[in-house]
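Working notes for the structure below.
Numbers for residues simply follow the sequence, beginning at 1. We use all heavy atoms of the structure for the numbers below, so side chains are in, but hydrogens, waters and symmetry mates are not.
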Amino acid sequence: MRIILASQSPRRRELLERMGISRFEIIPAQGEERIDPALPPERLVEELSQRKCGEVAAANPYALVIGADTVVSIDGHILGKPSTPEEAAGMLELLSSRKHEVFTGISVQFGGKMLSDWERTEVRFRTLSPEDIARYVATGEPMDKAGAYGIQGYGCVLVESISGDYYNVMGLPVFRLSGLLARFGVDPLALAAEKEQKA
């Protein structure tokens, strides 16, 4: 089966490989990510993942396509990817010393059928000084991350605690995805075992 990840995120690619899916293509969706602030975050990420998945699936009708989208939510506000270093610093200042929620929507389409799900994880940041924020922004890491941080990178030192799926914060809730894949007859563990036996 031909498998396509509709994302250019290196974190999602890494997690798909960790799941045991080693043979897949990267074809990022090109559509604009328009955030509707009226939608609750779980519905928003699910809808955005459906758009990405559907766009790539329309051009590749015989492939299984995986789409995902992640946002950070705090005080009812949605934080996507910052567009400037100043915006990144503002997001980090908002998250300092507080809990926030990370939502990821995941969609899988094959044979004209699409299935979707979403995951929520609660994250608490330690207190960040202005110097902490400036130094982290200077690494460049916040600029392509929802909420302006990457828990798997330098941003790990900002996180005090986490409740829920760690991989969701990285951008791909592998538990939810494996459940969707199973409904299409794809078993990541079977693929992993087959790969190891051939090695």
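Ile162 CD1 to Glu122 CD: the interatomic distance, rounded to the nearest 0.5 Å, is 10.0 Å. Summarising the geometry, atom OG belonging to Ser107 is positioned 9.0 Å from atom CG belonging to Asp117; distances are rounded to the nearest 0.5 Å. Rounded to the nearest 0.5 Å, atoms CD (Gln109) and CG (Asn60) are 10.5 Å apart. The CE atom of Met1 lies 9.5 Å from the CG atom of Leu191; values are rounded to the nearest 0.5 Å. Separating the CD1 atom in Ile66 from the CZ atom in Phe24 is a distance of 8.0 Å, to the nearest 0.5 Å. Between atom CG of residue Leu5 and atom CG of residue Leu64 there is a gap of 11.0 Å, rounded to the nearest 0.5 Å.
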**Request:** Output, in order, the C-alpha distance, side-chain angles, deciding distance and verdict of side chain to side chain contact (heavy atoms under 4.5 Å, CB included) for Arg18 and Tyr167.
**Result:** CA-CA 11 Å; Arg18 276 198 210 178; Tyr167 298 112; 3.3 Å; yes
**Prompt:** Does the pair Lys198 and Glu194 meet the rule for a salt bridge (charged side-chain N to carboxylate O under 4.0 Å, His left out), with working shown?
**Reply:** CA-CA 6 Å; Lys198 288 180 179 178; Glu194 181 182 341; 3.1 Å; yes
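With sequence neighbours excluded, the residues that form a side chain to side chain donor-acceptor pair (under 3.5 Å) with Gln50 are Ser116. When the salt bridge (Lys or Arg N to Asp or Glu O under 4.0 Å) test is applied to Glu101, the partners found at least two apart in sequence or on another chain are Arg120. Partners of Glu17 according to the side chain to side chain donor-acceptor pair (under 3.5 Å) rule, which considers only residues two or more places apart in sequence or in another chain, do not exist here. Considering only residues two or more places apart in sequence or on other chains, Ser7 meets the side chain to side chain donor-acceptor pair (under 3.5 Å) condition with Arg12. Considering only residues two or more places apart in sequence or on other chains, Asp144 meets the salt bridge (Lys or Arg N to Asp or Glu O under 4.0 Å) condition with Arg11. Lys113 meets the salt bridge (Lys or Arg N to Asp or Glu O under 4.0 Å) test with no other residue; sequence neighbours excluded. Scored by the salt bridge (Lys or Arg N to Asp or Glu O under 4.0 Å) test, Glu25 finds Arg2 as partners (sequence neighbours excluded). Take Glu131 and apply the side chain to side chain donor-acceptor pair (under 3.5 Å) test, not counting sequence neighbours, and it matches Ser129.
One hydrophobic cluster, built from ILVMFWY side chains closer than 4.5 Å, cannot hold both Phe103 and Tyr166; they sit in different ones. Under the 4.5 Å side-chain contact rule for hydrophobic residues, Val123 and Leu172 share a cluster.
Looking at heavy atoms from C-beta onward, Thr70 lies out of side-chain contact with Val45 at the 4.5 angstrom threshold. Between Met91 and Leu94 there is no side-chain heavy-atom pair separated by less than 4.5 Å. Looking only at side-chain heavy atoms (C-beta outward), Arg43 and Trp118 stay at 4.5 Å or farther from each other.
In this structure, Arg126 places its CZ atom where more than 12 heavy-atom neighbours from other residues, nucleotides or ligands lie under 6.0 Å away. Few gaps surround CD on Glu14; more than 12 heavy atoms of other groups in view lie less than 6.0 Å from it. Residue-environment remark: CD (Glu93) stays at or below the threshold of 12 foreign heavy atoms within 6.0 Å. More than 12 heavy atoms of other residues, nucleotides or ligands sit less than 6.0 Å from atom OH of Tyr136.
Counting side-chain heavy-atom gaps under 4.5 Å among Ile, Leu, Val, Met, Phe, Trp and Tyr, the cluster of Ile27 also holds Ile4, Val56, Val65.
With no hydrogens or angles considered, no side-chain donor-acceptor pair links Ser49 and Asp69 at under 3.5 Å. With 3.5 Å as the limit, one finds no donor-acceptor pair spanning the side chains of Asp165 and Thr121.
For Gln8 against Pro28, the heavy-atom pair with the smallest separation is CB-CG, 3.7 Å. Contact record, Lys195 with Ser22: CD-OG, 3.8 Å, taken as the closest heavy-atom pair. Nearest heavy-atom pair across Met143 and Thr84 is CE-C, 3.4 Å. Taking each heavy atom of Gly171 and Thr104 in turn, the nearest pair found is O-CG2, 3.6 Å.
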Distance-only donor-acceptor pairs under 3.5 Å for side chains of residues 71-79, two or more places apart:
unit_1	atom_1	unit_2	atom_2	d
Asp75	OD1	Arg98	NH2	2.6
Asp75	OD2	Arg98	NH1	2.9
Asp75	OD2	Arg98	NH2	2.9

Under 3.5 Å donor-acceptor pairs involving side-chain atoms of residues 177-189, not counting sequence neighbours:
unit_1	atom_1	unit_2	atom_2	d
Ser178	OG	Val174	O	3.1
Ser178	OG	Phe175	O	2.8
Asp187	OD1	Leu189	N	3.0
Asp187	OD1	Ala190	N	3.4

Side chains of residues 145-158: which donor-acceptor pairs under 3.5 Å do they make with residues two or more places apart or in other chains?
unit_1	atom_1	unit_2	atom_2	d
Lys145	NZ	Glu141	O	3.1
Tyr149	OH	His100	NE2	2.7

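With hydrogens and angles disregarded, no donor-acceptor distance shorter than 3.5 Å links the side chain of Glu196 to the backbone of Ala192.
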